[in-house]
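Only a predicted model underlies this, so the values are computations on that prediction, with no experimental measurement involved.
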Amino acid sequence: MDAERLLTQLRAQIANRALFYLAAYDALADEIGAARAEAVLTRAVRLRGRAAGEGLRRFAPADLAGLKDAFLGSLPGGEALFRPEVRRCDATALEIRMTACPLKQAWQEAGVPAGKCATLCRIAGAVDLGTFEEAGFGIENRTWRPGQEGCCNLTITPGPSA
């Protein structure tokens, strides 16, 4: 199977995950309200991220260059789907801007309004929070908002024991 076909299949699987997030959010929002639905799903996604972060612990508390290489090397589809742009990588911070997001693209193609898409981006972005926290680093994730280009903007800093 060629690489382009694999990327197409992976993009479809990520879109399926995005639509699951949407369905779960809608079902929960109907039952417990939008704010609680966001909080519950964010917590669940963050917990899933924590499991993924275990493999990055070897870079804690301050090997940001090693963390960068390992994280970018683990992105689904390599760098083709999320198109990360490393804006900074030094001893004090690693800044990565995702210039594309197949999750956000799937929500937009499904006609999800911009405000709700931003909510879903916050929920999905919690995976990065859990990942880098569990790995032993500080993390700020500024997710997409209406009117912005790209998607997540990650700022990762050395962990508390650095």
J.: Side-chain atoms of residues 49-65: list all donor-acceptor pairs with protein atoms under 3.5 Å, sequence neighbours left out, distances to 0.1 Å.
T.:
residue : atom : partner : partner atom : Å
Arg50   : NE   : Glu134  : OE1          : 3.2
Arg50   : NH2  : Glu134  : OE1          : 2.8
Arg57   : NE   : Glu134  : O            : 3.2
Arg57   : NH2  : Glu134  : OE2          : 2.2
Arg58   : NH1  : Gly55   : O            : 2.5
Asp63   : OD1  : Gly66   : N            : 2.8

J.: Using side-chain hydrogen bond (donor to acceptor under 3.5 Å, both in side chains) as the criterion, list what pairs up with Arg87, not counting sequence neighbours.
T.: Glu85
J.: Which residues pass the salt bridge (charged side-chain N to carboxylate O under 4.0 Å, His left out) test with Glu79, not counting sequence neighbours?
T.: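 With sequence neighbours excluded, Glu79 shows a salt bridge (charged side-chain N to carboxylate O under 4.0 Å, His left out) to no residue whatsoever.
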J.: Check the pair Leu41, Leu120 against side chain to side chain contact (heavy atoms under 4.5 Å, CB included), reporting the backbone distance first and the verdict last.
T.: CA-CA 9 Å; Leu41 287 172; Leu120 293 166; 6.0 Å; no
J.: Would you mind listing every salt bridge (charged side-chain N to carboxylate O under 4.0 Å, His left out) that reaches into residues 90-103, with sequence neighbours excluded?
T.: Arg88-Asp90, Arg88-Glu95
J.: Is there a path of hydrophobic side-chain contacts, each under 4.5 Å between heavy atoms of I, L, V, M, F, W or Y residues, that connects Leu47 with Val127?
T.: no
J.: Tell me which donor-acceptor pairs under 3.5 Å the side chains of residues 20-35 have, and how far apart each pair is, sequence neighbours excluded?
T.:
residue : atom : partner : partner atom : Å
Asp26   : OD1  : Lys116  : NZ           : 2.6
Asp26   : OD2  : Lys116  : NZ           : 3.4

J.: Rounded to the nearest 0.5 Å, what separates atom CG in Leu103 from atom SG in Cys121?
T.: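 Answer for the CG-SG pair, Leu103 versus Cys121, is 8.0 Å.
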J.: Sequence neighbours excluded, which residues qualify as salt bridge (charged side-chain N to carboxylate O under 4.0 Å, His left out) partners of Arg48?
T.: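 For Arg48 there are no salt bridge (charged side-chain N to carboxylate O under 4.0 Å, His left out) partners, ignoring immediate neighbours.
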J.: For a side chain to side chain contact (heavy atoms under 4.5 Å, CB included) check, start with the C-alpha distance between Lys68 and Val86, then their side-chain angles and the critical distance, and finish with the verdict.
T.: CA-CA 9 Å; Lys68 171 187 64 83; Val86 176; 3.9 Å; yes
J.: Checking Phe71 now: which residues fulfil ring-ring contact (aromatic ring centres under 6.0 Å, His included) with it, not counting sequence neighbours?
T.: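 In terms of ring-ring contact (aromatic ring centres under 6.0 Å, His included), with neighbours along the sequence ignored, Phe71 is linked to Phe132.
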J.: Please list, chain by chain and in numerical order, all residues satisfying salt bridge (charged side-chain N to carboxylate O under 4.0 Å, His left out) with Arg142, sequence neighbours excluded.
T.: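 Arg142 satisfies salt bridge (charged side-chain N to carboxylate O under 4.0 Å, His left out) with Glu140 once adjacent residues are dropped.
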J.: How about Leu129 and Thr42: do any of their side-chain heavy atoms sit closer than 4.5 Å?
T.: no
J.: Provide the full list of salt bridge (charged side-chain N to carboxylate O under 4.0 Å, His left out) pairs with a residue in residues 100-109, sequence neighbours left out, each pair given once.
T.: none
J.: Using every non-hydrogen atom in the two residues, find where Ile96 and Pro84 come nearest and quote the distance to one decimal.
T.: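 Ile96 and Pro84 have their closest heavy atoms at CG2-CB, 3.8 Å.
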J.: Rounded to the nearest 0.5 Å, what's the gap from CD1 on Ile139 to OG1 on Thr157? Could you check?
T.: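 The CD1 atom of Ile139 sits 8.0 Å away from the OG1 atom of Thr157.
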J.: Please list all pairs meeting ring pair (Phe, Tyr, Trp, His ring centres under 6.0 Å) that have one or both residues in residues 80-128, counting only residues at least two apart or in different chains.
T.: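 Qualifying pairs, neighbours excluded: none.
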J.: Checking Asn141 side chain against Leu154 main chain: does a donor-acceptor pair fall under 3.5 Å?
T.: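 Between the backbone of Leu154 and the side chain of Asn141 there is no qualifying donor-acceptor contact (under 3.5 Å).
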J.: Mind listing the closest non-hydrogen atom pair of Gly150 and Trp144 along with its distance?
T.: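 Smallest interatomic distance, heavy atoms only, reads O-CD1, 3.3 Å.
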J.: Please report the interatomic distance SG(Cys151) to CZ(Arg83), rounded to the nearest 0.5 Å.
T.: 11.0 Å
J.: Just how far is it from atom CG of Leu10 to atom CZ of Arg5, taken to the nearest 0.5 Å?
T.: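 So the gap between those two atoms works out to 14.0 Å.
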J.: Measuring from Asp128:CG to Ile156:CD1, what's the distance to the nearest 0.5 Å?
T.: 7.5 Å
J.: Would you name the heavy atoms of Pro76 and Leu81 that are closest together and state the gap between them?
T.: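 Where Pro76 meets Leu81 most closely, the heavy atoms are O-CD1, 3.8 Å.
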J.: Report, one line per pair, each donor and acceptor closer than 3.5 Å where one atom sits in a side chain of residues 11-18; sequence neighbours left out.
T.:
none

J.: Test of understanding: with salt bridge (charged side-chain N to carboxylate O under 4.0 Å, His left out), list the residues that count as partners of Arg122, not counting sequence neighbours.
T.: Glu38
J.: Treating Thr143 as the side-chain partner and Cys152 as the backbone partner, does any N or O pair qualify as donor plus acceptor under 3.5 Å?
T.: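 Looks like no, no N/O pair under 3.5 Å.
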